[in-house]
Amino acid sequence: MTASPIWHPFTQHGRGEPIPQVARAEGAILHTADGRRIVDAISSWWVTTHGHCHPRIMAAIAEQAGKLDQIIFAGWTHEPAEAVARGLRQLMPDELTRVFFSDSGSTSVEVALKMALGFWANTERSRHKILVLEHAYHGDTVGAMSVGARGVFNAAYSPLLFDVETLPFPHGDGAATLEKLTALCRDEPAALIVEPLICGAGGMKIYDAAILADMRRICSAHEVLFIADEVMTGWGRTGTLLACEQAGIVPDILCLSKGLTGGAVPLAVTMATEAIFAAHLSQDRARMFFHSSSYTANPLACAAAAANIAIWQEEPVLERIARLAENQARLLEKLAHNPRVRNARRAGTITAFEIEDQRGGYLSDLGPRLLSRFREADLLLRPLGNTVYTMPPYCISDEDLALIYDGIAETVAHC
Ligand SMILES: *Cc1c(COP(=O)(O)O)cnc(C)c1O
């Protein structure tokens, strides 16, 4: 067999790990080219919400493919984009009046940061510092890396990353976080960016909704823009459509991607309040929002997103999520009796725990060992170091969910 020329993301090719080839997928199940049936326990890296190849979303893409494939979006529009924007205005908080399209979670974050800086520049007030949370992850482009946790992932690029101020992760009542936020707000930063309720890639670290609400309140009091990166938490992952709902808050800027198309094709939006849009509104072309990418609001991707929004509006998605969350809670509780399972926790459809490991850290060799064991057990699970988590598509059957937890229990016992 000739080696593939593909350079995979987050993959150390030098380790020679097998790279399974997936031929087709349906619901929560992947079928490999060599005939294996794999349970997708992490929604193909947190994107698939209603299930793979959802008939309604696939049909919407196919129908759109017969009409309009791609069109410049600077100064032009099309019905699928208008449908998505209308749908988002119905589903998302009223205060978020404007919808800016892009094509990935990282890009939606770059756009959010540029909107925040643009807001301050256009209101002739010099604010540019960004506040971030410890353990944050906001994507892999340079701006998104700058507002994310520093570590082995981005050490080589650190000379390019801009300075931010980091709040300690909110443990317990979050007093240290809120205190530091209040102190930093006195220096008039531009914005705070957070992953609401749970820092995902930073280790599925969960914090209290009341702290999220307090962070929002402190930012408002100091006119610091509040950016919610709901790229992972949005679309029901934490049990509500948005994680921010659980804190009863509305951000100034909201980033959505991953589940926006049900996880079928790439698309992102950054939603903003009227004040942020208005700061860019002028006869002066120098004040426009200077951002675009070639495939902004691609019609095929928008058709998928419009279908996803229709599913949310017409089907009992939140009931499915509540049922999945309950089933997971039960299975996690059983697993938590294992003496090597530490800090079992959950938020909506996400469960996570640490496996006791002497060496610790992302580069501990437990991670790769777990990965290959899970692969051998026909499970798509991808631990973050010694943190194992599940985040299945909402349509997963009780039987397949049980397979995931049986596989995890087996692996924990023998790893
Ligand atoms: C995945 C993720 C991103 C990056 O999204 P991409 O589509 O991979 O660029 C940004 N923020 C959060 C919270 C994420 O989980």
* **Salt-bridge contact Glu17-Arg375 (side-chain N to carboxylate O under 4.0 Å)** => yes
* Salt-bridge test for Arg37 and Glu26: reply yes if a basic N is under 4.0 Å from a carboxylate O, no otherwise. => no
* Check whether any side-chain heavy atom of Val265 sits under 4.5 Å from a side-chain heavy atom of Ile61, and report yes or no. => yes
* Under 4.0 Å between a Lys/Arg side-chain N and an Asp/Glu carboxylate O for Arg346 and Glu326? -> no
* Asked: So, are Arg86 and Glu79 salt-bridged, with charged N and O less than 4.0 Å apart?
  -> yes
* Return the set of residues passing ring pair (Phe, Tyr, Trp, His ring centres under 6.0 Å) with His8 (not counting sequence neighbours), or none when no residue passes. => His13
* **Sequence-distant partners of Trp120, ring pair (Phe, Tyr, Trp, His ring centres under 6.0 Å), two or more places apart** => none
* May I ask you to say whether Arg340 pairs ionically with Glu354, meaning some side-chain N is under 4.0 Å from a carboxylate O? => no
* **Electrostatic pair Arg15:Asp365 at N-O distance under 4.0 angstrom** => no
* Side-chain touch Leu197/Gln246, heavy atoms, less than 4.5 angstrom -> yes
* Partner set under side-chain contact (heavy atoms from CB on, under 4.5 Å) for Arg330, not counting sequence neighbours -> Asn327
* Asked: Charged N to carboxylate O below 4.0 Å: is that the case for Asp252 and Arg216?
  -> yes
* If only atom types and distance count, is the side chain of Asp208 paired as donor or acceptor with the main-chain N or O of Ala210 below 3.5 Å? -> yes
* What residues, two or more places apart in sequence or in another chain, satisfy ring pair (Phe, Tyr, Trp, His ring centres under 6.0 Å) together with His54? -> His50
Listed pairs under 3.5 Å, donor-acceptor, residues 171-179 side chains, sequence neighbours left out:
from, atom 1, to, atom 2, distance (Å)
Asp173, OD1, Ala175, N, 3.0
Thr177, OG1, Pro168, O, 2.8

* Can you list the residues that meet the ring pair (Phe, Tyr, Trp, His ring centres under 6.0 Å) rule with Phe353, with sequence neighbours excluded? -> none
